[in-house]
K.L.:
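One structure follows; several queries about it will come next.
These numbers come from a predicted model, not from an experiment. Keep in mind that the numbers below use all heavy atoms, side chains included, and drop hydrogens, waters and symmetry copies.
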Amino acid sequence: MMEYGFDMELLDIVDENGKPTGETVERKTAHSEGIRHRTAHVWIVRKSDEGAEVLLQKRAMNKDSFPGRYDTSSAGHIQAGDEPEESAIRELHEELGIKASVDDLQFVDTFVIQYEKEFYGKMFKDSEIAFVYVYTKPVNIDELTLQKEELDGVEWFNLEYVYEECRKHNQKFCAPVGGLEIVRRFVRGTGL
């Protein structure tokens with residue numbers, strides 16, 4: 001099952017540091033051949049009485065990878081020619097209806113995503129450099145406008161719980177451990 005409308009999406013091919021090489025690749029080809037590209041990940045974090053919480057989205061059942069599992073607050077491929085920050089802002093708005101500005105996002109770090117897994121009888125080879133941003137402004141999930149093609153819902157989770165469950169490969173989640181580790185460092189460093 002393919003995500004409708006994304007077959008011709010062009011992505012920059014990038015080096016091991018996430019710098020564009022000047023070549024592009026179709027998203028479908030990047031995932032069938034494992035060609036390195038960039039993504040922007042936004043983690044929405046808040047403080048609670050039980051510690052830091054992270055908002056996770058439940059991926060729509062039509063997704064070409066990890067359907068129905070809880071993932072990063074908002075994430076998406078960085079289109080050819082785009083910058084990570086503008087992509088992060090666009091994804092937040094498209095997926096959750098949050099209108100963020102550059103000042104609302106804090107760039108924290110990058111990490112590598114590298115895996116191969118079969119979905120719908122086809123190999124899905126992912127090779128990404130993920131640019132991680134944190135968003136800490138108040139978010140009321142009842143007021144979000146969810147992009148139904150991308151996600152089935154959102155839910156707040158304790159950050160440490162999600163981190164431990166993802167490390168144990170709990171199939172309820174597909175949030176990348178590398179991203180969660182960056183968010184945990186951010187939370188510890190800011191006292192959130």
K.L.:
So, the side chain of Ser74 versus the backbone of Val42: is there a donor-acceptor pair under 3.5 Å, distance only?
P.N.:
no
K.L.:
For Glu128 versus Thr39, what's the shortest heavy-atom pair and its separation?
P.N.:
OE1-OG1, 2.8 Å
K.L.:
Starting at CZ of Arg36, measure out to CG of Leu11 and round the result to the nearest 0.5 Å.
P.N.:
13.5 Å
K.L.:
State the CD-CG distance between Glu150 and Asn62, to the nearest 0.5 angstrom.
P.N.:
7.5 Å
K.L.:
As an exercise, state the distance from CD1 of Ile89 to CD1 of Ile98, rounded to the nearest 0.5 Å.
P.N.:
12.0 Å
K.L.:
With Arg167, which residues qualify under side-chain hydrogen bond (donor to acceptor under 3.5 Å, both in side chains), at least two apart?
P.N.:
none
K.L.:
For side chain to side chain contact (heavy atoms under 4.5 Å, CB included), just list the numbers for Trp156 and Val139, CA-CA rounded to whole Å, side-chain angles, deciding distance to a tenth of an Å, and then say yes or no.
P.N.:
CA-CA 10 Å; Trp156 289 104; Val139 171; 4.1 Å; yes
K.L.:
With sequence neighbours excluded, tell me which residues meet side-chain hydrogen bond (donor to acceptor under 3.5 Å, both in side chains) with Ser127.
P.N.:
Gln114
K.L.:
Following the transitive rule for hydrophobic clusters with a side-chain heavy-atom cut-off under 4.5 Å over Ile, Leu, Val, Met, Phe, Trp and Tyr, establish whether Phe157 and Leu151 coincide in one cluster.
P.N.:
no
K.L.:
Check the hydrophobic clustering (I, L, V, M, F, W, Y; side-chain heavy atoms under 4.5 Å; chains of links allowed) and say if Val108 and Val54 are grouped together.
P.N.:
yes
K.L.:
Below 4.5 Å, heavy atoms only, C-beta onward: do Leu92 and Leu105 meet side chain to side chain?
P.N.:
yes
K.L.:
The criterion is salt bridge (charged side-chain N to carboxylate O under 4.0 Å, His left out); which residues satisfy it with Asp152, sequence neighbours excluded?
P.N.:
none
K.L.:
Testing the basics here: between Gly153 and Leu146, what is the closest heavy-atom pair and its distance to 0.1 Å?
P.N.:
CA-CD1, 3.7 Å
K.L.:
Could you name each residue pair satisfying ring-ring contact (aromatic ring centres under 6.0 Å, His included) that touches residues 71-93, not counting sequence neighbours?
P.N.:
His31-His77, His37-His77
K.L.:
Passes salt bridge (Lys or Arg N to Asp or Glu O under 4.0 Å), Lys28 versus Glu9? Steps please.
P.N.:
CA-CA 8 Å; Lys28 185 169 129 181; Glu9 186 176 4; over 6 Å; no
K.L.:
Hey, could you give me each pair passing ring-ring contact (aromatic ring centres under 6.0 Å, His included) that has a residue in residues 126-155? Not counting sequence neighbours.
P.N.:
Phe107-Tyr133
K.L.:
Should Ile182 and Phe173 be regarded as members of a common hydrophobic cluster, given that ILVMFWY residues are connected when their side-chain heavy atoms come within less than 4.5 Å of each other, either directly or indirectly?
P.N.:
yes
K.L.:
With a 4.5 Å heavy-atom cut-off, do His41 and Ile113 have their side chains touching?
P.N.:
yes
K.L.:
Sequence neighbours left out, what passes salt bridge (charged side-chain N to carboxylate O under 4.0 Å, His left out) with Glu165? Give chain and number order.
P.N.:
Lys168
K.L.:
Would you find more than 12 non-hydrogen atoms of other residues, nucleotides or ligands less than 6.0 Å from Asn140 atom CG?
P.N.:
yes
K.L.:
Is atom NZ of Lys172 surrounded by more than 12 heavy atoms (other residues, nucleotides or ligands) closer than 6.0 Å?
P.N.:
yes
K.L.:
Answer yes or no: is there a donor N or O on one side and an acceptor on the other, between the side chain of Asp12 and the main chain of Gly81, under 3.5 Å?
P.N.:
yes
K.L.:
When rounded to the nearest 0.5 angstrom, what is the spacing between OG1 in Thr72 and CZ in Arg59?
P.N.:
8.5 Å
K.L.:
Check for a donor-acceptor pair, side chain of Ser73 on one end and backbone N or O of Leu55 on the other, with a separation under 3.5 Å.
P.N.:
yes
K.L.:
Quick one, Lys58 and Val154 - any side-chain contact, counting heavy atoms below 4.5 Å?
P.N.:
no
K.L.:
Considering all heavy atoms of both residues, which atom of Ala40 and which atom of Pro84 are nearest to each other, and what is their separation?
P.N.:
CB-O, 3.7 Å
K.L.:
Any chain of hydrophobic side-chain contacts (each under 4.5 Å) joining Ile44 to Phe111?
P.N.:
no
K.L.:
Go through the structure and list residues passing salt bridge (charged side-chain N to carboxylate O under 4.0 Å, His left out) with Glu94, not counting sequence neighbours.
P.N.:
Arg90
K.L.:
Got a sec, which residues hit side-chain hydrogen bond (donor to acceptor under 3.5 Å, both in side chains) with Lys99, two or more places apart in sequence or on another chain?
P.N.:
none
K.L.:
Decide whether Val45 and Val102 are clustered together by the hydrophobic rule: side chain heavy atoms of Ile, Leu, Val, Met, Phe, Trp, Tyr closer than 4.5 Å, transitively.
P.N.:
no
K.L.:
Taking only residues two or more places apart in sequence or in another chain, which ones pass side-chain contact (heavy atoms from CB on, under 4.5 Å) with Ala175?
P.N.:
Trp43, Asp71, Cys166, Leu180
K.L.:
Taking side-chain hydrogen bond (donor to acceptor under 3.5 Å, both in side chains) as the test, write out the residues that go with Glu23, two or more places apart.
P.N.:
none
K.L.:
Using the salt bridge (charged side-chain N to carboxylate O under 4.0 Å, His left out) criterion, which residues pair with Glu181? Sequence neighbours excluded.
P.N.:
none
K.L.:
So, Asn158 side chain and Glu50 main chain: donor-acceptor pair closer than 3.5 Å or not?
P.N.:
yes
K.L.:
Heavy atoms only: give me the nearest Asp15-Thr21 pair and the separation to one decimal.
P.N.:
N-CG2, 3.9 Å
K.L.:
Quick test of your reading: applying salt bridge (Lys or Arg N to Asp or Glu O under 4.0 Å), list the pairs with at least one residue in residues 182-192, sequence neighbours left out, ordered by first then second residue.
P.N.:
Asp109-Arg185, Glu160-Arg184
K.L.:
To the nearest 0.5 Å, tell me how far Tyr70 OH sits from Asn170 CG.
P.N.:
11.5 Å
K.L.:
Once rounded to the nearest 0.5 Å, what's the spacing between atom CG of Leu96 and atom CD of Gln57?
P.N.:
6.5 Å
